[in-house]
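Note sheet for the following structure.
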Amino acid sequence: MNALLQKAREGNPLGIDMIDIHGHIGRYAFAIPTLNVKSIVDSMNKLGIQKTICSHMHCMGQNAENGNEEVYKAIQAYPGRIEGYISIYPFSREHVEIVVKKWLKAGFVGIKLHNANGLPYTHPHLEPAYKIANQRYLPILFHTWGDEKEFEEIEEISSSYQNLSILMAHSGACKKEKYAEFALKHQNVYLDVTFSSAPAGLLEYFTERIGAQRIVWGSDVYFLNQAQQLGKVVGCNLSQQEKSLILYNNARQLLDRIQR
Amino acid sequence: MIPLFDVQNGFAGTTKGEITVTRRENCLRQMDKCQIEKSLVRIVPDKLELDIVYSNLKLYENCAHTDRLVPCPIMVPNTANDIGTEEHQVEQALENGAGAACLRFATDHWLPEEWVDKKLLDLLNHYQLPAFIQSTNLPLEKFAELAARFPDLAFIYANAGYRDQRLFIPLLKNFKNIYLSLGTRYTVHGGIEQLVTLVGPQQLLFGSGLPSSEPMSAIMQLVYSEIDEESKRLIGAGNLNNLIKRIRS
Ligand SMILES: [Zn+2]
């Protein structure tokens, strides 16, 4: 058993750098037992995770601004440990521009978009968000679930705004081949392997197809358990160096390239 | 280190579009990799395991030469005389050291109703052979109704989802004979901790979801959870060992 696996099996801190690029705070329709930010930080401390980049559950609907305020409080409470994605509900172009500028100024590091609202990612009201994000080299985390339309929309955005770091949430939850092809075609696309299950061989597959440099790790905490989500990387059959790229280095680079 | 007895493991099956068949050796290798001592095993994936008699023989054969693999054969009511009597199914299972009976209601076209299942379930109850049921094969409300009919028999619910915490707490509180596999997909933040606090650790079982899941996920969820060491040991292996000790031969 290698050293990392041994530490994980025993429940000890892993002793490697890690950034969780996909977290949430806030209540949801199904019951989540622990709705306090401290519980995320406790989990990070136990595992040895440096940062979790969070959006609010309200990223899915019209309460996005309330969500941003809650995320801001979390950032203030745990500076350097909790970072924020801006949630946007595209009421109007003006609204979107104001929201993005306001929260970037407050220190948020990227944008989270969700299509549970039934609106396309190419909705014209979102244009100011993409423009600003492109100028600042921001990461945008898109909720995806292998839908053809999602790929088409994100393809359009990726081609128009080439400075963005595009994170495809839940890559490989289904249609892993399509995700790999998409990433091969778009060099600014990163595959985020957040998913409740831990499909055996998925990380090995993505690494073989696109290389470990464009795979990032996220947990989907509060939905999901950070330790459980880490297990899929810790246990997979990749080198320690590849695991470090996925768990830390790639995310670190995404954050470092942001122009404030 | 917490000993592990995996309730949700298997091999030798395949699924649509999949050529690779996980061999028993792979299963044992994965168990070695993660230091899982024993596993309750089925033929999985089981979507294409449609001849139950053959499938069970394959399972018994694969489990024969090691006590690390405890078979969980599929059982069905013999109401249409196509499959061997319920007595035979149970006797064969016990002879082969089975740790539970896998009931696949939807897949095998039967219902958990007294007019269908009485003979089989009475036998399982008599021998205290736990019933293993996947969430995909029986909706939770039907599962609870079944468990209520046989309060002395253990019912294991596998492939539980992370969205059902609101149901799992009253389910486990109200039905002390229900056991939840914390295998792949049960992964809500703070979930294990809340179950242990509100219900206790006795009805929770560790499950890896092998071979389709990376086992370290379920393992890390358990070993890093904020519960006491004794609870981790019960969930890791103790509870399943206790269920298997209760089986009458
Ligand atoms: Zn998410």
Side-chain angles (χ1 to χ4, degrees), chain A residues 1-2 4-14 23-25 28-36 38-40 42-49 52 177 193-204 219-238, chain B residues 1-4 17-18 20 22 26-27 29-30 32-36 45 159-170 182-198 208-227 229 232 236:
Chain A
M1 195 179 236
N2 68 45
L4 183 66
L5 212 56
Q6 189 66 37
K7 282 179 195 157
R9 180 64 179 80
E10 287 167 1
N12 293 323
L14 296 178
H24 302 279
I25 62 168
Y28 195 66
F30 62 79
I32 295 168
T34 314
L35 291 172
N36 61 70
K38 182 180 176 292
S39 68
I40 300 183
D42 287 345
S43 155
M44 291 161 64
N45 290 343
K46 202 159 189 184
L47 293 156
I49 297 167
T52 299
E177 298 84 3
V193 291
T194 303
F195 177 35
S196 58
S197 298
L202 183 67
L203 279 151
E204 293 89 331
S219 69
D220 225 354
V221 68
Y222 288 153
F223 282 135
L224 310 179
N225 176 294
Q226 273 183 324
Q228 187 262 1
Q229 288 292 301
L230 253 183
K232 68 177 86 168
V233 186
V234 169
C236 77
N237 193 19
L238 292 177
Chain B
M1 193 186 305
I2 314 285
L4 295 175
E18 186 59 68
T20 323
T22 309
N26 289 45
C27 174
R29 244 198 316 277
Q30 287 280 32
D32 289 341
K33 176 186 99 174
C34 303
Q35 302 177 48
I36 298 171
N159 267 108
Y162 64 96
R163 294 173 181 248
D164 288 330
Q165 189 79 356
R166 198 164 274 146
L167 295 172
F168 290 150
I169 290 164
L182 303 180
T184 176
R185 286 189 65 241
Y186 178 82
T187 172
V188 65
H189 174 66
I192 292 182
E193 289 83 351
Q194 189 182 45
L195 290 178
V196 170
T197 306
L198 298 182
S208 72
L210 275 164
S212 54
S213 299
E214 164 52 52
M216 281 309 291
S217 275
I219 292 174
M220 284 184 71
Q221 173 166 249
L222 175 63
V223 300
Y224 286 91
S225 64
E226 292 285 346
I227 59 174
E229 180 83 5
K232 286 182 191 175

Any non-hydrogen side-chain atom of [X] less than 4.5 Å from a side-chain atom of [Y]?
{"X": "B/Y224", "Y": "A/L14", "result": "yes"}
{"X": "A/E10", "Y": "B/V223", "result": "no"}
{"X": "A/L5", "Y": "B/K33", "result": "yes"}
{"X": "A/L224", "Y": "B/Y162", "result": "yes"}
{"X": "A/P33", "Y": "B/Q165", "result": "yes"}

Practice item. For the pair A/R9 (side chain) and B/Q35 (backbone), establish whether a donor and an acceptor sit closer than 3.5 Å, ignoring hydrogens and angles. Key: yes

Between [atom1] of [X] and [atom2] of [Y], what distance do you get to the nearest 0.5 Å?
{"X": "B/E193", "Y": "A/S43", "atom1": "CD", "atom2": "OG", "result": "9.0 Å"}
{"X": "B/M216", "Y": "A/K232", "atom1": "CE", "atom2": "NZ", "result": "14.0 Å"}
{"X": "B/H189", "Y": "A/I32", "atom1": "NE2", "atom2": "CD1", "result": "8.5 Å"}

Non-hydrogen atoms of chain A under 4.5 Å away: do they reach the side chain of [X], the backbone, both or neither?
{"X": "B/S225", "answer": "backbone"}
{"X": "B/P211", "answer": "backbone"}
{"X": "B/E226", "answer": "both"}
{"X": "B/L4", "answer": "both"}

**Study point:** Donor + acceptor pair across side chains of A/Q229, B/Q221 (<3.5 Å)
**Key:**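 Absent: no donor and acceptor within the cut-off.
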
Check your understanding: Do A/Q228 and B/S217 have side-chain N/O donor and acceptor atoms under 3.5 Å apart?
Key ->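 Not at all, the side chains of A/Q228 and B/S217 share no donor-acceptor pair under 3.5 Å.
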
Revision key, fill the gap. Comparing B/L167, B/I219, B/L222, B/I2 against chain A, the one with the most heavy-atom pairs below 4.5 Å turns out to be B/I2

Exercise for review: Sort out for me which of B/Q30, B/Q194, B/R163 touches chain A most, counting heavy-atom pairs under 4.5 Å.
Suggested key: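 Among the listed options, the one with the most contacts to chain A is B/R163.
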
Exercise for review: Sort A/D220 into side chain, backbone, both or neither according to what part of it lies under 4.5 angstrom from a heavy atom of chain B.
Suggested key: neither

Check your understanding: Is it the case that more than 12 heavy atoms not belonging to A/D42 sit under 6.0 Å from its CG atom?
Key -> yes

Check your understanding: Do you know the tightest heavy-atom contact between B/R185 and A/S197?
Key -> CG-OG, 3.3 Å

